[in-house]
Participant: 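Could you have a look at this structure, given as structure tokens, before my questions?
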Amino acid sequence: MIKLVNVTKSFNDFKALDDFTLSIEKGSAYGLLGSNGAGKSTLLRLLSGVYRQDGGYVTIGGESVYDNVKLKSRVFFVSDDTSQYNRMTLKGMADFCKTFYTGFSQEKLEKLNSAIGLPMDKELSKFSKGMKRQAVFICALACSTEYLLLDEAFDGLDPTMRLIVKKMLINEMADSGVTVVMSSHALNEIEDFCDTVGLVHKGKLIYSRELDSVKGDIHKVQTCVGDGFDSQALGLDILKETVLGSVSTLIIKGDADEIHRRFIDGGAAFCDIIPLSLEEIFIYEMEGQGYDSSKID
Amino acid sequence: MTAAKLTEARVKKSFFADYYFYKLRSCKVSFILSIIFSVLCIPVAVLLQIVEVNEMKAAAMRAAAEQTPSFFLMNTFEPVCVSVIIISAIVLFVNIFTACAKLFSYNTSKSDADMYLSLPLTSTQRFMADFSAGATILALPTVIFTLIGSVILWLCNINLTVADLDVLKSIGEFGVMSEVDYSFASSRAYLFETVSTTAFIGITLIIMLLGAYLVSLLLFNCCGRTGDAIVYSIMLEAAIPLLFGIMLSKCYAVNGISNTACYSFTAIAPFGTLISAGQIFLFRLSTQSMNDLFVIYDFATVAAIIVIFAGLFFLSFAAAKHRKAEKAGVHFVFGMLYHVISLCFITGIIMAFTESDISVIIIVCLFCATGYFFMELAVGRKLRQAALSVLRFVSVIAFAVVFQVLAHTTKGYGVNHDIPSANDIVSARNRSSYGYFYDLMPYDNIELDDREEIELLLELQKKLIGNEFGVNNNSTEGMEVIFGYTLKNGNYQRWSYMISNDNTELINEITSYGERIVTSENIREEISQALTDPEYLVLIDGNRLGIPVYRDGRTLFGDRLKAETAPKLLQALQNEYFSDDNTGKLYAEILIPGLPGSYSYPDSYRLRIREGCDEVISLLSDESNYCATEEELIELTVDSTPLIELGIVGPPDDSDWLTLYLSQDNYDSKEMDKLRSMLKLVDPFELGLYENSINMYDNTITGVLESDYEEFFGILRNVCPIIDYSSDEY
């Protein structure tokens, strides 16, 4: 299990993580959501041992991560920036990984590469952004580590390649039970892949829950109500309400059945509950944190 | 198999070696460059020496066969080789920065930090592996080639022999060789202990490379940008020797600069090593002495080098341990180091000019202030922090001024008085250089190992230190007087003083000391010879010369030893004085007559008798050996017959030029005037003598005798017995 307890990390005066506490179950696929500068990358760098926390504890399997050789050999970190591999070829990267990750399998790498067809002897500096990420990604999988940390996992990948990568990850999880922690702004990919998500904002964890729970807890409601209907009087946790004529669209947190019952009981002509995508949930949640687009006309 | 099981199955305790070899592979370009330019540096130096030794041997053989030797090959080969060596050394130093930039890229690039810092290594393992890889890349090739070169030269025994040197010297003296070639050959001859020269070059280069590498190591672990690390590495390498050197020179500058201070630069690699190594080479070439090149690597200096290197290493290690990965990209992770480097550099520059005119000082301060302002901007200082910057800069100026004032008022904090005592000195060497006073220094570059000579030299230096003659340190023209002492602990100390050309009082004083030292030096040799020559004893006895003995500035037991005591005393002197028994406290001083016929030396020698000379002291302390009465003394003085030595120095086919060397001053003055009037005085330069050399010796009369030979020699015989200069006969 990955655990962060009361972790703080500051960069000069800026608090990237502030009293941050999080647990991630072993074998899970965890998605980190959050605004830019929320602290997601910092979190992943703390987990990979690149950064050392200023306060609190960062442990994997009960052991502190920083300077822990045994533990770090079980973790592979794919950074959001892949320029460090520019001077390597895919073959060179394989040699690099082979040197430091005892679980590395050349056979596995070749098998994974057969699906995407990257040249083995070409320098990565000559690759496109997406190709670089693919190269790093298959090397990471070939290392067969217990923990895979992916920062901006799908950045630069085309839709087909996203699909391939997701399949590779799912197969890896199924085969070896790897724990994947990823951050991405491609929320639909996280929605497709992750079983648990955490929302981070301004260095604090807003929540960390199973994806189904998140999706089951917030709903878009379309209803038709007459004059004098006051949705606030229903006693629901309404995040947003838009009225267009007699049709109201609301974003409400809570149980779907309860919401439906209250609207009907309250005199609504109808009440449709529409499931929200993760992206919509993210936007509405962030609006609740004062992070929204309403400031721009 | 699950990932956990797979990892568990192949778990490794340490990836240190894997990482080390990976870094070696990743820096293969730097490694190859290091090997190539080490080959061009050390083996080329070896090759140069082999070629030059062979050329010198061939030249010696040609000269022995009375052919004119030439050094055509050396004249063309040497500059090429030296250029290759210098360029190679520069490339090796530049290579340090490229290697460090690659090895410690995770300190300057965030993406590299993500890659390297997430590897299964502790920060200690990572630092040690990177440090080792850097040392391997940058120093190992030079170490290997130095060893190989030295061993090859040692096995092949490629050296100039003493016989070769003698031939070369002799052909130079007899003018077989051109002056230029002779100068070339004789100077290079002193670098042809090929094994030690190669080892010295190699070791010096290794120390310099390691020093530069350790400075870069520190800066690459303290900076977040490659540019800053390189710029401030160079500045640190320059700043500390600059500041250290100037502060030391201020301490010694009241009257001179000690070479001890310069050798101390060795401890501050790499520039310090370069300065010291250059100095020892130049010293060897200029003095043409086979002094030990490794004198700069004495125990204290090596210890200092080790301490400084260890200090740089541990500072780098501490920086690596404490720096945070997120600092990649910032100018300085530890701001204190920036302040130390920049302020040391500026302090050094300002201190170098504190003795200049006020206008120069102001210009230098303005220049430094501008530089400092740009440095502050470059490392991201904000304008609101300007007050602090100004305060730092003002502090630097204040420090420079206070240091200068204190150095002056305390005579270099007393350091310039810290010359060694005679007890600690094995031998001394004195040298003057440049300027037309050169010929006034007859004791130039003589190795002095007699305690009296050493004490005389120290006495002269103390007078210079006391600034009794108004030595002007700022004088750049004139005569440089150098004092060098080889100490019992193996160290060599050297002091130099610049004497302005118009300081005639000092020049006369130095000349006087020169004569005394030369006298002291030559007395040993001449009296040693004389004491084995029965004629000398006869001469002493025959002339009944009494020997005065002084103690505590006064004569002992009256005035002089009886004439019959002289042979006993001379025998005792031979037994003890010249057998290294003359040690301990001073007992007395005696004046014994000089060798008649010895050119340019005083007519008596002052010997200091110390308590180690038992036999001599027993003679001196026996009152019965002295002239007991005034009559005896008068008789002795009256009977002392003056000698005149006659020298014929002119060309035989011309009128004879006569030189009379007068051994005493009690001649009949009227008769002497007659003799002078008969000689036509000639311009001394016609005799091939410098005017000064004649003026120096009042007991010399030189002139041309054109007629009246019989009358002249008749008068001369009345004055004294005559010794023929050429035959030493009466």
Side-chain angles (χ1 to χ4, degrees), chain A residues 9-12 16 26-27 41-42 44-45 47-52 54 61 65-88 92 95-96 98-105 136 143-149 151 172-173 175-179, chain B residues 1-29 101-102 105-127 129 224 320-330 333 335 380:
Chain A
K9 179 70 189 174
S10 301
F11 303 126
N12 297 325
K26 194 159 192 276
S41 297
T42 303
L44 290 173
R45 288 191 172 98
L47 289 175
S48 62
V50 174
Y51 286 173
R52 180 170 34 184
D54 298 330
V65 178
Y66 190 78
D67 259 5
N68 188 330
V69 174
K70 198 176 163 189
L71 197 57
K72 283 168 87 173
S73 66
R74 291 154 58 194
V75 178
F76 196 102
F77 173 50
V78 178
S79 164
D80 57 338
D81 183 359
T82 53
S83 61
Q84 66 270 35
Y85 302 105
N86 276 354
R87 291 179 295 269
M88 294 184 189
D95 289 338
F96 175 77
K98 202 184 294 176
T99 307
F100 299 106
Y101 297 96
T102 49
F104 180 84
S105 162
V136 180
C143 287
S144 305
T145 52
E146 287 175 61
Y147 298 90
L148 197 53
L149 311 174
D151 196 5
E172 185 67 17
M173 287 184 73
D175 291 346
S176 63
V178 64
T179 305
Chain B
M1 186 182 260
T2 65
K5 284 179 182 170
L6 201 60
T7 312
E8 284 291 328
R10 299 174 189 174
V11 74
K12 269 181 92 169
K13 279 186 179 174
S14 172
F15 291 90
F16 178 85
D18 303 282
Y19 183 71
Y20 167 77
F21 286 113
Y22 170 76
K23 278 303 186 84
L24 281 187
R25 287 198 301 276
S26 70
C27 292
K28 59 176 176 287
V29 175
K102 182 88 179 169
S105 61
Y106 49 82
N107 287 337
T108 53
S109 156
K110 286 189 175 173
S111 58
D112 279 21
D114 284 344
M115 182 170 83
Y116 286 114
L117 272 58
S118 62
L119 292 176
L121 289 157
T122 64
S123 51
T124 303
Q125 287 172 336
R126 186 172 51 249
F127 174 81
K321 286 289 280 184
H322 288 96
R323 72 172 286 149
K324 293 177 176 177
E326 60 267 27
K327 293 290 184 183
V330 302
V333 177

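Predicted model, so just to flag it, every value in this text is computed and none were measured. Order of the sequence lines fixes the chain letters, A, B, ..., with proteins taken first and strands second; residue numbering starts at 1 for each chain.
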Participant: Determine the minimum heavy-atom distance between A:Val69 and B:Gln125, stating which atoms define it.
Facilitator: CG2-OE1, 3.5 Å
Participant: Atom NZ of B:Lys324 and atom CZ of A:Phe11: how far apart are they, to the nearest 0.5 Å?
Facilitator: 9.0 Å
Participant: Looking at residues at least two apart in the chain, or sitting in another chain, which of them share a ring pair (Phe, Tyr, Trp, His ring centres under 6.0 Å) with A:Tyr85?
Facilitator: none
Participant: Heavy-atom cut-off 4.5 Å, strictly under: side chain, backbone, both or neither for B:Ser118 against chain A?
Facilitator: both
Participant: Can you say whether the rings of A:Phe100 and B:Phe15 are parallel (under 30°), tilted (30 to 60°) or perpendicular (over 60°)?
Facilitator: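 If you compare the ring of A:Phe100 with that of B:Phe15, the planes turn out tilted.
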Participant: Tell me, for A:Asp54 versus chain B, whether the close heavy atoms (under 4.5 Å) come from the side chain, the backbone, both or neither.
Facilitator: side chain
Participant: Apply the test salt bridge (charged side-chain N to carboxylate O under 4.0 Å, His left out) to residues A:Arg45 and B:Glu326: give CA-CA distance (whole Å), side-chain angles for both, the deciding distance (0.1 Å), then the verdict.
Facilitator: CA-CA 10 Å; A:Arg45 288 191 172 98; B:Glu326 60 267 27; over 6 Å; no
Participant: Under 4.5 Å, heavy atom to heavy atom: which of residues 19-28 of chain B reach chain A? Give them by number, or say none.
Facilitator: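 Listed by number: B:Tyr19, B:Tyr22, B:Arg25.
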Participant: If you take all heavy atoms of B:Lys321 and A:Arg52, which pair is closest and at what distance?
Facilitator: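 Smallest heavy-atom distance, with atoms named: O-NH2, 3.3 Å.
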Participant: Might you point out which heavy atoms bring A:Lys72 and B:Leu119 nearest each other, and give the distance in Å?
Facilitator: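 Closest approach of A:Lys72 to B:Leu119, heavy atoms only: CE-O, 3.2 Å.
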Participant: Report the residue from A:Val50, A:Leu44, A:Val78, A:Thr82 that forms a side-chain contact (heavy atoms from CB on, under 4.5 Å) with B:Asp114.
Facilitator: A:Val50
Participant: For A:Thr99 and B:Asp18, which I'm curious about, is there any donor-acceptor pair between the side chains at under 3.5 Å?
Facilitator: no
Participant: Which region of A:Asp151, side chain (C-beta onward) or backbone (N, CA, C, O), has a non-hydrogen atom less than 4.5 Å from a non-hydrogen atom of chain B, or is it both or neither?
Facilitator: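 Neither part; nothing is under 4.5 Å.
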Participant: Report yes or no: does A:Gln84 contribute a side-chain atom to a donor-acceptor pair with the main-chain N or O of B:Asp112 at less than 3.5 Å?
Facilitator: no
Participant: Under 3.5 Å, side chain of A:Asp67 to main-chain N/O of B:Ser123, donor-acceptor pair present?
Facilitator: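 Such a contact is found between A:Asp67 side chain and B:Ser123 backbone.
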Participant: Select one option (side chain, backbone, both, neither) describing which atoms of B:Lys110 are under 4.5 Å from chain A's heavy atoms.
Facilitator: neither
